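Below is one structure, written out as structure tokens; the observations come after it.
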2 protein chains.
Amino acid sequence: MAKPKEVTIYDLARKLNVSIATVSRALKDDPVVSKKTKKKIFDLAEEMGYRYNHFARNLREQRTYTIGVIVPRLNSYFMSTVIAGIESVVNNEGYTLLISQSSESAGKEVDSAKTMFNNRVDGLLVSLAYETDDLAHFDQFVKKDVPIIFFDRVADHPDGTSVLIDNRKGAYESTSHLIAQGCKHIVHITAPPKRNVYVDRLAGYKQALADHHIPFDEKYILINNLSQEAGAQAAAAILQMNPLPDAVFAANDNCAVGCMVALKKAGIRIPQDIAFVGFNNDPVSTVVEPNLTTINYPGYKMGEMAAASLINHLNGVNSIDATNTILLRSELIVRASSLKTTSDSE
Amino acid sequence: MAKPKEVTIYDLARKLNVSIATVSRALKDDPVVSKKTKKKIFDLAEEMGYRYNHFARNLREQRTYTIGVIVPRLNSYFMSTVIAGIESVVNNEGYTLLISQSSESAGKEVDSAKTMFNNRVDGLLVSLAYETDDLAHFDQFVKKDVPIIFFDRVADHPDGTSVLIDNRKGAYESTSHLIAQGCKHIVHITAPPKRNVYVDRLAGYKQALADHHIPFDEKYILINNLSQEAGAQAAAAILQMNPLPDAVFAANDNCAVGCMVALKKAGIRIPQDIAFVGFNNDPVSTVVEPNLTTINYPGYKMGEMAAASLINHLNGVNSIDATNTILLRSELIVRASSLKTTSDSE
DNA sequence: TTGTAAGCGTTATCAA
DNA sequence: TTGATAACGCTTACAA
């Protein structure tokens, strides 16, 4: 039942007839201790199976070398790529990641924040849930000077740094592309416009319409949770419209795909009857037929940037307060789902 | 620069003229302290913004209330469901999760294990990477009596508990189903047969062939990393076969889908020319056309079972050593991709 | 019902 | 180059 006893620096010190101070210094490779003693200490540590106790250090240093990550969901291609990017930089810097998914629920996000807070993360990387209205659960971090960096779904917290793409521009390009294909009645499927990404995509959509003298029509805006199933339900709504729209711009690929599948089942031809553009360049966009035109954006890079920026903050390398928004490049990838004019594209 | 000072039990004790022992007891709702003092203490803690210091406790109690999770990848529907299941039980029990992805690399798995070890997780939940041969990186945990539970991709570590499905049976059913559809030349796409899931699926495939007097042919076994791209490459290999096989049983849906898409592009009709069965019931299986027949299995449940079992271990509720393998139910979901006989199915 | 005090394994200051 | 020692904030005998 009793755990095997842990080896501590006291044990090493005793065996070697040196002080724990020397052992401690040697273990962190302090140049002040002689090569010879260092070697002895390293060897003995190895031999006795010593392992460093993070908690003693945390207690002593008042920091944890842990970074919290709160994301809406783990299960998207995009998100797992972002996390891989984050891991690549934080691991290099000796930090550990505490990851939690809010499952798009404001309540779970609050809980996650509390867990992070109690675990005294040194910093926080956050992408907000759809639902979240109130950002009060982040105040506690601000109060303790724990830096927070938002990525993708960001907050307009005054002191927050953000890493994201120009969603407005992406949406503008998508919509303009559809217009260039001759579409005039363009449905936009999106999530409740609480998050910047959806607000901005909607704005880009409207701007493109306006710039091409197409009147904006509220009834073409469909709001749901952007799941594949929600896409199928959106299809039902679209089929009720009269006249039928000639294009759909969905705020993510999953939803676009669910919608396309359902419409096709109802006999709609894509892109001839209704053209489609999604967002994210999820792998599913190359499975659905026709392949989905979408906006590609760099998840891995986004993770790297967010993490690097956070770690700079932690190290006091406050890379000029001016750069508190980092904008990454995104691009429209045109595939068959939106090409009304030519048909030889793959 | 300096962090605002943290409030400790000493501060609370001083203000209230009680001892730190009383404060400590009150804070954990010890029945021995009077309701009145408790209330005073709780109120003051709230008011002064006290937060509990896990590290001091960890240091003192020699445990961390943290559970490590190592998975091959975060980005599958299956895995994120498993994690949601795990979260649901551990959070309830007051544990925190340390999650890490090995990205299917043995090296990263070793690193993750080291991180977990150094963070002194109380227990470990693991699903192995493709590549992992040697399980020595888990020995350190065994040596320290840290319980490990494997799920899905399990190890035959003698003392390990495992939670998984009957992969052999799933594969047997899939293959038998294809045979019932009249298929005789069935390709099996799988990962290197190091992991139980792939070994067992291969065994189930072989068994089904044998039971139906179909000779096993080595050239029908295609080994790759089961990604969507790998599926496309497998398609190229399949197109070289002469005669063409009449069915494919892939060890996951992503790979099946990549393969189907590529074959269709080459003019192969599915299921008429080649029927398909996948594994996992990933959402993509209802996007690809025709919809993919697959094996459904309960990720959320698997996460719950693994976590509950681990926590029982930690609490000493050693639910009989006999039950060191928990088998969950799986089921074949028949969709159009495998139906050669009828064509009216959706 | 409450208090005293030792101990958990580090780091860092000061002195030698 | 090394050592002695005081924190860091908590839990828990044991005593009162």
Side-chain angles (χ1 to χ4, degrees), chain A residues 2-42 44-45 48-66 94 96 117-120 122 144, chain B residues 2-42 44-45 48-66 94 96 117-120 122 144:
Chain A
K3 296 241 168 127
K5 194 82 180 67
E6 290 283 345
V7 178
T8 73
I9 54 173
Y10 286 94
D11 301 319
L12 301 180
R14 197 175 322 115
K15 278 239 174 156
L16 256 26
N17 267 316
V18 296
S19 75
I20 57 161
T22 302
V23 174
S24 175
R25 287 193 271 253
L27 255 20
K28 43 178 26 85
D29 213 13
D30 188 324
V32 86
V33 11
S34 79
K35 283 239 179 333
K36 239 182 78 183
T37 359
K38 234 184 236 174
K39 170 122 178 57
K40 279 196 313 193
I41 292 173
F42 274 122
L44 184 66
M48 296 185 65
Y50 165 81
R51 65 170 164 166
Y52 185 81
N53 189 319
H54 288 247
F55 304 105
R57 174 196 56 183
N58 294 349
L59 182 57
R60 172 65 218 224
E61 290 195 19
Q62 307 283 55
R63 57 182 302 197
T64 61
Y65 296 91
T66 297
T96 299
F117 189 68
N118 288 333
N119 277 281
R120 283 166 152 79
D122 289 345
K144 297 277 184 196
Chain B
K3 295 244 168 125
K5 194 81 180 70
E6 289 282 345
V7 177
T8 73
I9 53 174
Y10 287 94
D11 302 319
L12 301 179
R14 197 174 324 115
K15 278 237 177 161
L16 257 27
N17 269 316
V18 296
S19 76
I20 59 162
T22 303
V23 175
S24 174
R25 288 193 270 252
L27 255 19
K28 45 177 28 84
D29 213 12
D30 189 322
V32 87
V33 12
S34 79
K35 283 240 180 331
K36 238 182 82 182
T37 3
K38 234 184 238 175
K39 169 122 177 57
K40 279 196 312 192
I41 292 174
F42 274 123
L44 184 65
M48 296 185 66
Y50 167 81
R51 66 170 163 167
Y52 186 81
N53 189 320
H54 288 248
F55 305 103
R57 173 196 55 182
N58 293 349
L59 183 57
R60 170 66 216 230
E61 289 194 23
Q62 306 285 57
R63 58 181 300 197
T64 62
Y65 296 91
T66 296
T96 299
F117 188 68
N118 287 333
N119 277 281
R120 283 166 153 81
D122 290 345
K144 296 277 185 195

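A quick note: this is a predicted structure, and the numbers were derived from the prediction, not measured. Letters A, B, ... are given to chains in the order of the sequence lines, protein chains preceding strands, and every chain is numbered from 1.
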Rounded to the nearest 0.5 Å, how far apart are [atom1] of [X] and [atom2] of [Y]?
{"X": "His54(B)", "Y": "Thr66(B)", "atom1": "NE2", "atom2": "OG1", "result": "8.5 Å"}
{"X": "Lys35(B)", "Y": "Lys38(B)", "atom1": "NZ", "atom2": "NZ", "result": "5.5 Å"}
{"X": "Thr37(A)", "Y": "Lys40(A)", "atom1": "OG1", "atom2": "NZ", "result": "6.0 Å"}
{"X": "Tyr65(B)", "Y": "Asp122(B)", "atom1": "OH", "atom2": "CG", "result": "7.5 Å"}
{"X": "Arg120(B)", "Y": "Gln62(B)", "atom1": "CZ", "atom2": "CD", "result": "7.5 Å"}

**OP:** Please work out if Arg51(A) contacts a base, only the sugar-phosphate, or nothing of the nucleic acid, heavy-atom cut-off 4.0 Å.
**Re:** sugar-phosphate
Subject >> Non-hydrogen atoms of Arg25(A) and Val32(A) that approach each other most closely >> reply: CD-CG1, 3.9 Å
Subject >> Heavy-atom pair of closest approach, residues Phe55(B) and Asn119(A) >> reply: CZ-O, 3.5 Å
**OP:** Only counting residues at least two apart or in another chain, list the ones meeting side chain to side chain contact (heavy atoms under 4.5 Å, CB included) with Ile20(A).
**Re:** Ile9(A), Tyr10(A), Ala13(A)
Subject >> Residues which pass side chain to side chain contact (heavy atoms under 4.5 Å, CB included) with Leu59(A), listed by chain and number, not counting sequence neighbours >> reply: Asn53(B), Ala56(B), Leu59(B)
Subject >> Residues touching DNA chain D, which here means a heavy atom under 4.0 Å, drawn from residues 30-41 of chain A >> reply: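 Within residues 30-41 of chain A, the residues near DNA chain D are Val32(A), Val33(A), Ser34(A), Thr37(A).
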**OP:** Could you check which residues of residues 12-19 of chain A get a heavy atom under 4.0 Å from DNA chain D? Sort them by number, please.
**Re:**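 Heavy-atom contacts with DNA chain D come from Asn17(A), Val18(A), Ser19(A).
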Subject >> Contact interval (first through last nucleotide) of DNA chain C with protein chain A, 4.0 Å heavy-atom >> reply: dG9(C) to dT13(C)
Using whole Å, report how far [atom1] of [X] lies from [atom2] of [N].
{"X": "Arg63(B)", "N": "dC10(D)", "atom1": "CZ", "atom2": "P", "result": "18 Å"}
{"X": "Asn118(A)", "N": "dC10(D)", "atom1": "CG", "atom2": "P", "result": "12 Å"}
{"X": "Gln62(A)", "N": "dC10(D)", "atom1": "CD", "atom2": "C1'", "result": "13 Å"}
{"X": "Leu59(B)", "N": "dA7(D)", "atom1": "CG", "atom2": "P", "result": "17 Å"}
{"X": "His54(A)", "N": "dG9(D)", "atom1": "NE2", "atom2": "P", "result": "20 Å"}
{"X": "Asn53(B)", "N": "dC8(D)", "atom1": "CG", "atom2": "P", "result": "12 Å"}

Show me the protein contacts with nucleotides 12-16 of chain D, counting only N or O atoms at under 3.5 Å.
residue	atom	partner	partner atom	Å
dT12(D)	O4'	Arg60(B)	NH2	3.3

Original post:
Is the charged tip of Arg51(A) near the ring of Phe117(B): under 6.0 Å from the six-membered ring centre and within 45° of its axis?
Top reply: yes
Original post:
In terms of the nearest nucleotide of DNA chain C, which residue is placed more toward the 5' end: Thr22(B) or Ala56(B)?
Top reply: Thr22(B)
**OP:** Could you point out which residue of Ile41(B), Asp30(B), Leu12(B) forms a side chain to side chain contact (heavy atoms under 4.5 Å, CB included) with Thr22(B)?
**Re:** Ile41(B)
Subject >> Donor/acceptor link under 3.5 angstrom from Tyr10(B) side chain onto base of dC8(D) >> reply: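 Side chain to base: no pair below 3.5 Å.
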